[in-house]
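Working notes for the structure below.
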Amino acid sequence: MNIRKAMIPDLSRVAEIYVFNNRINYFPIFKDAGFSFGKLQVVSLVDQYLKRKKILENIYVFDDGLIKGFIQMNGTEICKLYVDTSFQSEGIGNELIEFAVRELYADNLWALEKNVRAISFYQRHGFHLTGQKKFEEDTTEYLVKLER
């Protein structure tokens, strides 16, 4: 298996994957250049991870010699699941979510309502919309809850 617990030297790659996915997938929705290209930076994200050691304990990486994706958990909730945009559609996201369900008992998550690609992905893996919604923090966009 290519999935393992993240270690400190992995954090810059994890942050890079997160930052670039965020810019590609969320900037078109939120249109907040100050956040996407100013505040959201790899180095500052790594610093946040290092200051909050508990986060590192809950990140798992897909590593086949190169970290190509990661999943972050909070209990049984999937907080983040990202695959480097260069390696998407290669089954890495499938492996990460199947690992999370099988090994970490993942059973719920929140997804941006307008991120239909992500919602469809989770639905293909047995998650279903619950009808619960909440605002993404400091925005007018909704998150929707999915459960297994």
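The analysis underlying the following values was restricted to heavy atoms, covering all of them including side chains, and did not include hydrogens, waters or symmetry mates.
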Can you see which heavy atom on Asn22 is nearest to which on Ser36, and at what distance? OD1-OG, 4.2 Å
Hey, mind stepping through Phe35 and Phe30 against ring pair (Phe, Tyr, Trp, His ring centres under 6.0 Å) and telling me if it holds? CA-CA 9 Å; Phe35 177 78; Phe30 294 110; 8.2 Å; no
Measuring only between side-chain heavy atoms, which start at C-beta, is Phe70 closer than 4.5 Å to Tyr18? yes
Could you go step by step and tell me if Lys51 and Gln48 meet the side chain to side chain contact (heavy atoms under 4.5 Å, CB included) rule? CA-CA 5 Å; Lys51 287 177 186 168; Gln48 285 179 19; 5.8 Å; no
Report the distance from atom CD of Glu113 to atom CG of Leu129, rounding to the nearest 0.5 Å. 9.0 Å
Measuring centre to centre across the rings, with the benzene-like ring taken for any Trp, is Tyr142 within less than 6.0 Å of Phe135? yes
Only pairs under 3.5 Å count here: list side-chain donor-acceptor contacts from residues 38-45, not counting sequence neighbours, and write none if there are none.
{"from": "Gln41", "atom 1": "NE2", "to": "Phe37", "atom 2": "O", "distance (Å)": "3.0"}
{"from": "Gln41", "atom 1": "NE2", "to": "Gly38", "atom 2": "O", "distance (Å)": "3.3"}
{"from": "Ser44", "atom 1": "OG", "to": "Gln41", "atom 2": "O", "distance (Å)": "3.1"}

CD1 on Ile92 to CD1 on Ile67, rounded to 0.5 Å: 11.5 Å
Applying a strict under-4.5 Å side-chain criterion to I, L, V, M, F, W and Y, I'd like to know whether Val14 and Leu109 cluster together. no
Neighbour count >12 (heavy atoms, 6.0 Å) for atom CD, Glu137: no
Taking a hydrophobic cluster as the set of Ile, Leu, Val, Met, Phe, Trp and Tyr residues connected by side-chain heavy atoms closer than 4.5 Å, whether directly or through intermediates, do Val19 and Tyr49 fall within one such cluster? yes
What pairs with Arg117 under side chain to side chain donor-acceptor pair (under 3.5 Å), at least two apart in sequence or on another chain? Gln88
If Ile, Leu, Val, Met, Phe, Trp and Tyr residues are connected whenever their side-chain heavy atoms lie under 4.5 Å apart, and connections chain through other members, are Leu50 and Val61 in the same group? yes
Which is it for Arg148 and Val101 under the side chain to side chain contact (heavy atoms under 4.5 Å, CB included) test, yes or no, and what are the steps along the way? CA-CA 9 Å; Arg148 270 182 72 83; Val101 168; 3.5 Å; yes
Any non-hydrogen side-chain atom of Asn2 less than 4.5 Å from a side-chain atom of Asp63? no
Looking at every non-hydrogen atom in both residues, tell me the closest pair between Thr85 and Ile24 and how far apart they are. CG2-CD1, 3.5 Å
Least distance between heavy atoms, Trp110 atom then Gln132 atom: CZ3-O, 3.9 Å
I need the Ile59 CD1 to Lys54 NZ distance, nearest 0.5 Å. 12.5 Å
Is Phe20 linked to Phe87 within one hydrophobic cluster, defined over Ile, Leu, Val, Met, Phe, Trp and Tyr using a side-chain heavy-atom separation of less than 4.5 Å? no
Any cation-pi pair here, Arg124 with Phe121, using under 6.0 Å and within 45°? no
Ala100 versus Ile71, closest heavy-atom pair with distance: CB-CD1, 3.5 Å
Is a side-chain N or O of His128 found less than 3.5 angstrom from the main chain of Leu146, in a donor-acceptor match? no
In short, Ala106 meets Met73 closest at the heavy-atom pair CB-CE, 3.6 Å
Output for pair (Ser86 OG, Ile17 CD1), nearest 0.5 Å, gives 9.5 Å
Show the numbers, then the answer: is there a side chain to side chain contact (heavy atoms under 4.5 Å, CB included) between Asp84 and Arg13? CA-CA 10 Å; Asp84 185 299; Arg13 182 70 178 127; 2.7 Å; yes
Does NZ in Lys114 sit with more than 12 non-hydrogen atoms of other residues, nucleotides or ligands closer than 6.0 Å? no
In chain order, what residues pass the side chain to side chain donor-acceptor pair (under 3.5 Å) check against Asp47, with sequence neighbours excluded? none
Between Tyr82 and Leu96, what is the shortest heavy-atom contact and its length? O-CD1, 4.3 Å
Would the distance check show the side chain of Thr130 and the main-chain N or O of Lys145 forming a donor-acceptor pair, the cut-off being under 3.5 Å? yes
Are the charged groups of Asp10 and Arg4 less than 4.0 angstrom apart, N to O? yes
To the closest 0.5 Å, what do you measure between CG (Asn58) and CD1 (Ile78)? 12.5 Å
Should Ile119 and Tyr26 be regarded as members of a common hydrophobic cluster, given that ILVMFWY residues are connected when their side-chain heavy atoms come within less than 4.5 Å of each other, either directly or indirectly? no
Separation between CZ of Phe127 and CD1 of Ile97, rounded to the nearest 0.5 Å: 4.5 Å
